[in-house]
Structure formats: structure tokens, C-alpha cells
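Report on one structure; see the data block that follows.
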Amino acid sequence: MTVLTAELYDERGDELQSVPLQFQTIGGRAQFSGPIRTVTCFEDNALLKSILSTPGHGAVLVIDGGGSLNSALMGDMIADLAIANGWSGAIINGAVRDRIAIGALDLGVKALGSNPRKSSKTGAGTADTVVEIAGVVFTPGRTVYCDEDGILVER
């Protein structure tokens with residue numbers, strides 16, 4: 001079932017938060033939604049890779065990379081892991097790499113941009129905590145809706 005964010009906002013209005021930051025649609029699946037899982041990591045993708053290696057059950061991983069475009073938090077190999085483990089998609093407050101390969105995958109991915117540089121791999125960060133991006137609160141377990149128009153989050 002396709003859920004268009006503009007129609008959903010018309011129906012539910014203030015029950016939803018609209019993300020004002022202009023994320024780019026990068027994954028091959030432009031429309032995706034699911035329960036929120038979160039990870040906070042800055043220029044380090046080991047923790048998010050570990051999470052995406054576990055069963056996703058249709059969830060969307062919201063990755064707060066602090067808005068850094070200095071290195072990529074997701075590439076095609078991590079995106080493949082997400083698909084293999086049943087994740088619906090990822091919202092990355094940061095950069096990706098392998099844009100063309102990710103664009104060919106059946107995975108929803110939104111990110112700020114791209115950078116071919118790899119991130120570090122120390123495992124620093126936190127998982128499944130409340131994350132705030134551009135004034136919008138992402139609470140684990142609530143639902144996020146994404147399409148070409150943007151991102152809506154249940155309050």
C-alpha cells in the first residue's frame with residue numbers, strides 16, 4: 001500500500017511532524033515507511049552496520065550523523081545488508097557513497113548528499129534513543145513516512 005505524504009498530512013495534520021531539511025531521495029524505493037529505529041554516529045558507520053545486520057522487520061533506521069558530509073555513512077554493501085535483513089529503508093542525516101548502486105536497490109534511502117570517502121569504523125555512537133533532526137523528534141517505535149515530497153514523523 002502506497003502512502004503519499006501530502007495526502008497523509010492533509011488527513012492527519014498536526015498529528016505528524018514534517019521534516020523541513022531537504023533530504024535527497026537516493027534509494028531505488030522512493031516511497032517507504034515503517035517503525036523508527038535510531039542510531040547516532042558521527043563519521044563512523046560500524047554501529048549502523050551492526051544494527052542493519054540484524055532483522056529489521058520493515059523498520060526504517062534513522063541515522064543522525066550530525067549532518068556531516070565529510071565521509072559516507074552508507075554504501076552499497078551496507079545497503080545490501082539492510083535489504084537482506086528486511087529493513088524498509090534508512091534516513092541519513094549525513095552522506096552516502098555508491099549512489100548509482102544504491103539507486104538500483106529496492107531500499108528506501110534518503111540522505112543529505114554523497115561523498116566517496118569512507119567513514120571510520122570504531123563503533124562509536126548510540127542506538128535506539130530519541131533523535132532530533134531539524135527540530136523533528138524521531139522516537140523509536142513510532143512510524144515514519146517517506147516519499148519524493150519529504151518525510152513525516154508521528155508525534
Side-chain angles (χ1 to χ4, degrees), residues 1-69 72-96 102 105-113 119 121-155:
M1 180 174 140
T2 300
V3 177
L4 300 176
T5 58
E7 291 176 9
L8 186 62
Y9 192 85
D10 288 348
E11 290 173 19
R12 296 184 52 194
D14 288 339
E15 295 175 17
L16 302 165
Q17 303 170 84
S18 178
V19 177
L21 198 55
Q22 297 300 294
F23 283 88
Q24 298 176 34
T25 299
I26 293 175
R29 185 188 306 167
Q31 299 168 352
F32 61 101
S33 62
I36 295 169
R37 296 274 313 271
T38 66
V39 65
T40 301
C41 54
F42 186 74
E43 299 178 6
D44 187 308
N45 70 358
L47 181 58
L48 76 94
K49 180 179 180 183
S50 172
I51 292 168
L52 290 173
S53 296
T54 65
H57 305 290
V60 175
L61 186 62
V62 177
I63 303 159
D64 187 4
S68 174
L69 299 175
L73 292 174
M74 177 183 281
D76 61 339
M77 291 176 14
I78 291 177
D80 279 333
L81 267 178
I83 293 168
N85 288 296
W87 291 82
S88 177
I91 299 168
I92 305 165
N93 186 21
V96 298
I102 291 172
L105 298 175
D106 186 25
L107 181 70
V109 177
K110 286 194 171 279
L112 297 180
S119 67
K121 310 213 181 312
T122 66
T126 59
D128 293 318
T129 60
V130 174
V131 168
E132 185 175 329
I133 299 172
V136 173
V137 176
F138 293 83
T139 303
R142 297 217 176 129
T143 303
V144 62
Y145 304 91
C146 304
D147 68 9
E148 298 88 344
D149 283 336
I151 302 168
L152 294 176
V153 181
E154 288 182 339
R155 291 188 186 273

Partners passing side-chain contact (heavy atoms from CB on, under 4.5 Å) against Asp149 (at least two apart in sequence or in another chain): Thr5, Ala6, Asp147
With rounding to the nearest 0.5 angstrom, report the [atom1] to [atom2] distance, [X] to [Y].
{"X": "Ser18", "Y": "Leu152", "atom1": "OG", "atom2": "CG", "result": "5.5 Å"}
{"X": "Asp80", "Y": "Asn85", "atom1": "CG", "atom2": "CG", "result": "11.0 Å"}
{"X": "Ile92", "Y": "Gln24", "atom1": "CD1", "atom2": "CD", "result": "11.0 Å"}

Does the side chain of [X] reach to within under 4.5 Å of the side chain of [Y], using non-hydrogen atoms?
{"X": "Leu61", "Y": "Val39", "result": "yes"}
{"X": "Leu48", "Y": "Leu73", "result": "yes"}
{"X": "Lys121", "Y": "Asn45", "result": "yes"}
{"X": "Phe138", "Y": "Asn93", "result": "no"}
{"X": "Phe23", "Y": "Ile133", "result": "yes"}
{"X": "Ile78", "Y": "Leu52", "result": "yes"}

Polar side-chain atom of [X] near backbone of [Y] as donor-acceptor pair, under 3.5 Å:
{"X": "Lys110", "Y": "Gly108", "result": "no"}
{"X": "Thr54", "Y": "Ile51", "result": "yes"}
{"X": "Trp87", "Y": "Leu81", "result": "no"}
{"X": "Glu154", "Y": "Leu16", "result": "no"}
{"X": "Asp44", "Y": "Thr122", "result": "yes"}
{"X": "Gln17", "Y": "Val136", "result": "no"}
{"X": "Arg29", "Y": "Leu105", "result": "no"}
{"X": "Asp64", "Y": "Val131", "result": "no"}
{"X": "Ser50", "Y": "Ala46", "result": "no"}
{"X": "Gln22", "Y": "Pro20", "result": "yes"}

Does atom CD of Glu148 have more than 12 heavy-atom neighbours, drawn from other residues, nucleotides or ligands, at distances under 6.0 Å? yes
Closest contact, heavy atoms only, [X] versus [Y]:
{"X": "Pro35", "Y": "Gly141", "result": "CB-O, 4.2 Å"}
{"X": "Ala79", "Y": "Ile102", "result": "CB-CG1, 4.1 Å"}
{"X": "Ser53", "Y": "Lys49", "result": "OG-O, 2.7 Å"}
{"X": "Ser33", "Y": "Ser88", "result": "O-OG, 3.0 Å"}
{"X": "Ala95", "Y": "Leu69", "result": "CB-CD2, 3.9 Å"}
{"X": "Gly34", "Y": "Val60", "result": "N-CG2, 3.8 Å"}

Taking it one step at a time, do Leu21 and Leu112 satisfy side-chain contact (heavy atoms from CB on, under 4.5 Å)? CA-CA 9 Å; Leu21 198 55; Leu112 297 180; 3.7 Å; yes
Could you go through Tyr9 and Glu15, starting from their C-alpha distance and side-chain angles, then the distance that decides it, and tell me whether this counts as side-chain contact (heavy atoms from CB on, under 4.5 Å)? CA-CA 8 Å; Tyr9 192 85; Glu15 295 175 17; over 6 Å; no
For Arg37, is there an ion pair with Asp128 - N to carboxylate O distance below 4.0 angstrom? yes
I would like to know whether Ile63 and Cys41 meet side-chain contact (heavy atoms from CB on, under 4.5 Å); could you show each step before the answer? CA-CA 7 Å; Ile63 303 159; Cys41 54; 3.9 Å; yes
Have Glu43 and Ser68 got a donor and an acceptor in their side chains that come within less than 3.5 Å?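 Indeed, the side chains of Glu43 and Ser68 share at least one donor-acceptor pair under 3.5 Å.
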Begin with the C-alpha distance, continue with both residues' side-chain angles, and end with the deciding distance and a verdict on side-chain contact (heavy atoms from CB on, under 4.5 Å) for Val144 and Ile91. CA-CA 10 Å; Val144 62; Ile91 299 168; 3.7 Å; yes
